[in-house]
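For the single chain, residues carry numbers from 1 onward in sequence order.
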Amino acid sequence: PFFLWLHFLDPHLPYTPSYPYGVLYREDHRKDSQVRHLRSMTDLPREDFLPTPYADLAGGPYYDLVFPYYPKNPALLDLGFRRRSRGAIFFSKGLYDEETVQEMVDLYDGAINYTDDNLGRLMKAVADLEIEDSTIVAVSGDHGEAFGEHGLFFAHDFTLYDEVIAIPLVVRLPGVIDPGTVIDQQVRLMDLAPTLLDLAEVPSFDGVEAVSLVPLLRGEPLDFLDAF
């Protein structure tokens, strides 16, 4: 048995995915050969675990990855050169135009694609080891991100609206969880640990509020879970 906890910093401020992920959604780079290739691959149905050939691209200095492609983006310049305090940037309603905010969203989406691709690398390694049918895989995030919703920009602090607290949670275990299962009921990150222990048939914690989500994963009912 093994346990691997892997932390991807992307997608997260300062939104610096490597090329071609950083320009994946820029109209003036749509004809770049690498961008066209990456877009063609990411648009295909993911029937296997094969990542794109760009998944192993390394990062670089803090903002050097994106400044060449977004040299006039005032939000990036404010963040990169600390021209404004973070508080002034995060609560900047009316400060940045729609194009500026959209470019930040594009960088964030590029970072999501980069992360997804690297999860593909991990899943391919699991498949190559021939342990995919007995390996529990869980993917989640610890927060979302605001891009102008409720007056908050490029941040995830200060509010508890859905753009910040509604996050992905994906759990995979062949033979136990049917592929494509979608759960609409509210769940909580603290429930993930007892869920993984339950799936691994390991005794869970005593005296904790968190519960196993395995009944939901199996299509069974579970009482509504309060979240604060």
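No donor-acceptor contact under 3.5 angstrom links the side chains of H29 and Y19, judged on distance only. Between the side chains of Y21 and T52, at least one donor N or O lies within less than 3.5 Å of an accepting N or O. D198 and T195 share no side-chain donor-acceptor pair at under 3.5 Å. Inspection of the D78 and Y96 side chains reveals an N or O donor paired with an N or O acceptor under 3.5 Å.
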For salt bridge (charged side-chain N to carboxylate O under 4.0 Å, His left out), just list the numbers for K124 and D128, CA-CA rounded to whole Å, side-chain angles, deciding distance to a tenth of an Å, and then say yes or no. CA-CA 6 Å; K124 183 178 184 302; D128 289 345; 2.9 Å; yes

Tell me, with the steps shown, if H12 and Y108 meet ring pair (Phe, Tyr, Trp, His ring centres under 6.0 Å). CA-CA 7 Å; H12 199 285; Y108 186 75; 9.0 Å; no

Please test L217 against L173 for side-chain contact (heavy atoms from CB on, under 4.5 Å), starting from the C-alpha separation and ending with a verdict. CA-CA 10 Å; L217 296 176; L173 181 58; over 6 Å; no

Given the rule in the side-chain contact (heavy atoms from CB on, under 4.5 Å) test, do E145 and E163 qualify, once you have shown the distances and angles that lead to the verdict? CA-CA 6 Å; E145 197 83 336; E163 62 268 14; over 6 Å; no

Trace of the side-chain contact (heavy atoms from CB on, under 4.5 Å) decision for F90 with F158: CA-CA 10 Å; F90 295 163; F158 316 112; 3.8 Å; yes

Evaluation steps, side-chain contact (heavy atoms from CB on, under 4.5 Å), between L216 and V187: CA-CA 10 Å; L216 290 177; V187 297; 3.8 Å; yes

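Each of V139 and L169 belongs to its own hydrophobic cluster when Ile, Leu, Val, Met, Phe, Trp and Tyr are linked at side-chain heavy-atom distances under 4.5 angstrom. Using a 4.5 Å cut-off between side-chain heavy atoms of Ile, Leu, Val, Met, Phe, Trp and Tyr, with links allowed through other members, L119 and I136 fall into different hydrophobic clusters. Linking ILVMFWY side-chain heavy atoms closer than 4.5 Å, directly or via other members, places V164 and V105 in two distinct hydrophobic clusters. Two different hydrophobic clusters hold M123 and I177 under the rule that ILVMFWY side chains link at heavy-atom gaps under 4.5 Å.
Taking the side chain as every heavy atom from C-beta outward, D157 and R86 never approach each other to under 4.5 Å. Side-chain contact check for I89 versus F153: every heavy-atom pair is 4.5 Å or farther apart. Two residues are said to be in side-chain contact when any heavy atoms from C-beta on lie closer than 4.5 Å; N113 and D117 fail this criterion. The closest side-chain heavy-atom distance from L4 to L122 is below 4.5 Å. With a 4.5 Å cut-off on side-chain heavy atoms, P68 and P71 do not count as touching. A 4.5 Å side-chain heavy-atom check between I167 and D142 finds every atom pair outside the cut-off. Y69 has its side chain out of reach of E103: every pair of non-hydrogen atoms, C-beta onward, lies at least 4.5 Å apart.
Across every non-hydrogen atom of P221 and P215, the tightest pair is O-CB, 3.9 Å. Contact detail for A75 and T100: the closest heavy-atom pair is CB-CG2, 3.8 Å. The heavy-atom pair separating R84 from A88 by the smallest distance is CB-CB, 4.3 Å. Considering every non-hydrogen atom in both A193 and F205, the closest pair reads CB-CE1, 3.8 Å. Residue L196 comes nearest to A138 through the heavy atom pair CD2-CB, 4.0 Å, listed as atom of the first residue, atom of the second, then distance. Nearest heavy-atom pair, P11 versus A111, reported as atom, atom and distance to 0.1 Å: CB-CB, 3.6 Å.
Taking the centre of each ring, F147 and Y15 come in below the 6.0 Å mark. In summary, the aromatic rings of F8 and Y114 are positioned with their centroids too far apart to meet the 6.0 Å limit.
Both cation-pi conditions hold for R26 and Y70: the charged atom is under 6.0 angstrom from the six-membered ring centre and inside a 45 degree cone around its axis.
S140 places a side-chain N or O within donor-acceptor distance of the main-chain N or O of P168, the cut-off being under 3.5 Å. The backbone N or O of V176 lies less than 3.5 Å from no partner atom in the side chain of R218, so there is not a single donor-acceptor pair. A donor-acceptor pair is defined here as one N or O able to donate and one able to accept, closer than 3.5 Å; such a pair exists between the side chain of Q185 and the backbone of D223. Side chain of R188 to main chain of L225: no donor-acceptor pair is present (N/O by atom type, distance under 3.5 Å, no hydrogens or angles). The closest donor-acceptor contact from the side chain of N118 to the backbone of T115 lies at 3.5 Å or more, if one exists at all. Looking at S92, its side chain never comes within 3.5 Å of a backbone N or O of L95 through a donor-acceptor pair. Proximity of a side-chain donor or acceptor of S204 to a complementary backbone N or O of L197 within less than 3.5 Å is not detected. Under the 3.5 Å distance criterion, the side-chain polar atoms of D178 are left unmatched by any main-chain donor or acceptor of T181.
In summary, D32 and R36 do not engage in a salt bridge, as defined by a charged side-chain N under 4.0 Å from a carboxylate O. For E132 and R172, the salt-bridge test fails: no basic side-chain N is under 4.0 Å from an acidic carboxylate O.
Remark: Q186 CD is packed, more than 12 non-hydrogen atoms of other residues, nucleotides or ligands lying under 6.0 Å away. Within 6.0 Å of CD on E220 lie more than 12 heavy atoms contributed by other residues, nucleotides or ligands. Other residues, nucleotides and ligands contribute at most 12 non-hydrogen atoms within 6.0 Å of the CG atom of L160. Within a 6.0 Å sphere centred on CZ of R83, heavy atoms belonging to other residues, nucleotides or ligands number more than 12.
Applying ring-ring contact (aromatic ring centres under 6.0 Å, His included) to Y161 and the options H143, H156, H150 leaves one that passes, H150. Checked options I183, L222, V171, L192; the residue passing with L213 is L222 (criterion: side-chain contact (heavy atoms from CB on, under 4.5 Å)).
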